[in-house]
Amino acid sequence: MELMAANQAIEKNLPLLGICRGIQVLNVALGGTLYQDIPSQVPESICHTPKTDKAVNTHTVCIEAGSQLNKIFGKREIWVNGKHHQAVKDLAPGMTVAARARDGIVEAVEHPRKRFAIGVQWHPEGTWRDDPYSQKLFSSFVQAARGTR
């Protein structure tokens, strides 16, 4: 069902924000693949499964210049609260990488030909109260959704 919903949202150009598993579903729905277990498949990776609360940012991501995320955040690097053992491996056709962790793991993707189709591997719902970048991401998504009425 999730795969079908993601495809329908992309096909109808509906605003879409995929969080954690959502970035993975979006990528697979559109034809991409996943690392099933980062530690065993990318041994040189940083720890993407910290034992901290989702309200705690744990590592930085580098935002791609010119990406929609770069425009939303106005920065090239931000702190995020990743908590995942899977990640985008092969990017789906039509999608672009919007951010990576310092180990190269994809942390955000977007569909540049769609109004708002962004997936993030981190948990902005855990940091929205105090983190300005989580607030900007949600505000941008809500603004895009308001434009679909």
Side-chain angles (χ1 to χ4, degrees), residues 1-10 14-112 114-142 144-145:
M1 182 188 81
E2 293 171 325
L3 299 173
M4 187 171 55
N7 271 309
Q8 286 291 308
I10 291 294
L14 296 173
L16 175 67
L17 175 59
I19 294 173
C20 192
R21 177 183 162 114
I23 185 180
Q24 298 166 9
V25 168
L26 178 60
N27 191 58
V28 170
L30 299 178
T33 65
L34 301 177
Y35 287 112
Q36 294 300 313
D37 183 62
I38 297 169
S40 65
Q41 291 180 274
V42 188
E44 68 281 2
S45 65
I46 64 171
C47 178
H48 288 274
T49 55
K51 307 274 188 261
T52 58
D53 187 80
K54 285 183 185 176
V56 178
N57 286 327
T58 56
H59 68 87
T60 60
V61 296
C62 181
I63 310 292
E64 295 293 324
S67 67
Q68 192 171 3
L69 276 184
N70 182 230
K71 292 172 186 149
I72 290 168
F73 298 148
K75 288 191 80 168
R76 293 287 313 280
E77 186 175 40
I78 63 167
W79 281 88
V80 299
N81 59 346
K83 268 189 175 310
H84 57 100
H85 76 99
Q86 295 181 312
V88 169
K89 181 178 181 185
D90 298 310
L91 197 60
M95 299 298 288
T96 60
V97 173
R100 291 183 186 272
R102 70 178 176 267
D103 58 8
I105 293 291
V106 173
E107 290 278 344
V109 298
E110 54 193 40
H111 198 304
K114 300 299 178 182
R115 181 178 29 194
F116 191 101
I118 295 175
V120 297
Q121 191 61 74
W122 62 87
H123 290 273
E125 80 282 5
T127 56
W128 68 270
R129 282 191 172 93
D130 300 314
D131 180 54
Y133 303 106
S134 295
Q135 294 166 3
K136 287 179 180 186
L137 182 59
F138 285 125
S139 293
S140 296
F141 175 59
V142 169

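By the side chain to side chain contact (heavy atoms under 4.5 Å, CB included) test, Gln86 is found to be paired with Gln24, Gln36, residues two or more places apart in sequence or in another chain being considered. Legend: residues meeting side chain to side chain donor-acceptor pair (under 3.5 Å) with Glu2, ordered by chain and number and at least two apart, are Arg21. In this view, His123 satisfies the ring pair (Phe, Tyr, Trp, His ring centres under 6.0 Å) rule with no residue, not counting sequence neighbours. Glu125 pairs by the salt bridge (charged side-chain N to carboxylate O under 4.0 Å, His left out) definition with Lys54, not counting sequence neighbours. For Gln41, the side chain to side chain donor-acceptor pair (under 3.5 Å) test picks out no residue, with sequence neighbours left out. The ring pair (Phe, Tyr, Trp, His ring centres under 6.0 Å) test applied to His84 returns His48, not counting sequence neighbours. Contacts of Phe141 classified as side chain to side chain contact (heavy atoms under 4.5 Å, CB included), with partners at least two apart in sequence or in another chain: Pro15, Leu17, Phe116. For Thr52, the side chain to side chain contact (heavy atoms under 4.5 Å, CB included) criterion is met by Pro50, Val56, Thr58, Lys83, not counting sequence neighbours. Judged as a side chain to side chain contact (heavy atoms under 4.5 Å, CB included), and not counting sequence neighbours, the contacts of Val42 are Tyr35, Ile38, Glu44, Ser45, Ile105.
With rounding to the nearest 0.5 Å, the separation of OG in Ser134 from CG in Asn81 is 6.5 Å. To the nearest 0.5 Å, atom CG of residue Asp131 and atom CG of residue Asn57 are 5.0 Å apart. To the nearest 0.5 angstrom, Leu137 atom CG is 7.0 Å from Trp122 atom CH2.
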Exercise for review: List the steps and the verdict of side-chain contact (heavy atoms from CB on, under 4.5 Å) for Val109 and Leu91.
Suggested key: CA-CA 9 Å; Val109 298; Leu91 197 60; 3.6 Å; yes

**Study point:** Test side-chain contact (heavy atoms from CB on, under 4.5 Å) applied to Val88 and Val97, step by step
**Key:** CA-CA 10 Å; Val88 169; Val97 173; over 6 Å; no

Practice item. Decide yes or no on side-chain contact (heavy atoms from CB on, under 4.5 Å) for Val120 and Ile19, but give the supporting numbers first. Key: CA-CA 5 Å; Val120 297; Ile19 294 173; 4.2 Å; yes

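Between Ala98 and Leu69 the shortest heavy-atom distance is CB-CD1, 3.9 Å. Looking at every heavy atom in both residues, Ala92 comes nearest to Gly32 through CB-N, 3.5 Å. The shortest non-hydrogen separation linking Ala101 to His59 is CB-CE1, 4.1 Å.
Sorted pairs that involve residues 93-112 and meet salt bridge (charged side-chain N to carboxylate O under 4.0 Å, His left out), not counting sequence neighbours, are lacking altogether. Pairs of residues two or more places apart, or lying in two chains, that qualify as side-chain hydrogen bond (donor to acceptor under 3.5 Å, both in side chains) and include a residue from residues 65-80 are Thr60-Glu77. Screening residues 87-98 for side-chain hydrogen bond (donor to acceptor under 3.5 Å, both in side chains) gives Thr33-Asp90 as the qualifying pairs, with residues at least two apart or on separate chains.
In this structure, Leu26 and Ile10 have side chains that are in contact, with non-hydrogen atoms separated by less than 4.5 Å.
Under a 3.5 Å cut-off, the side chain of Asn7 and the backbone N or O of Ala29 do form a donor-acceptor pair. Without hydrogens or angle criteria, Gln135 side chain to Arg129 main chain gives a donor-acceptor distance under 3.5 Å.
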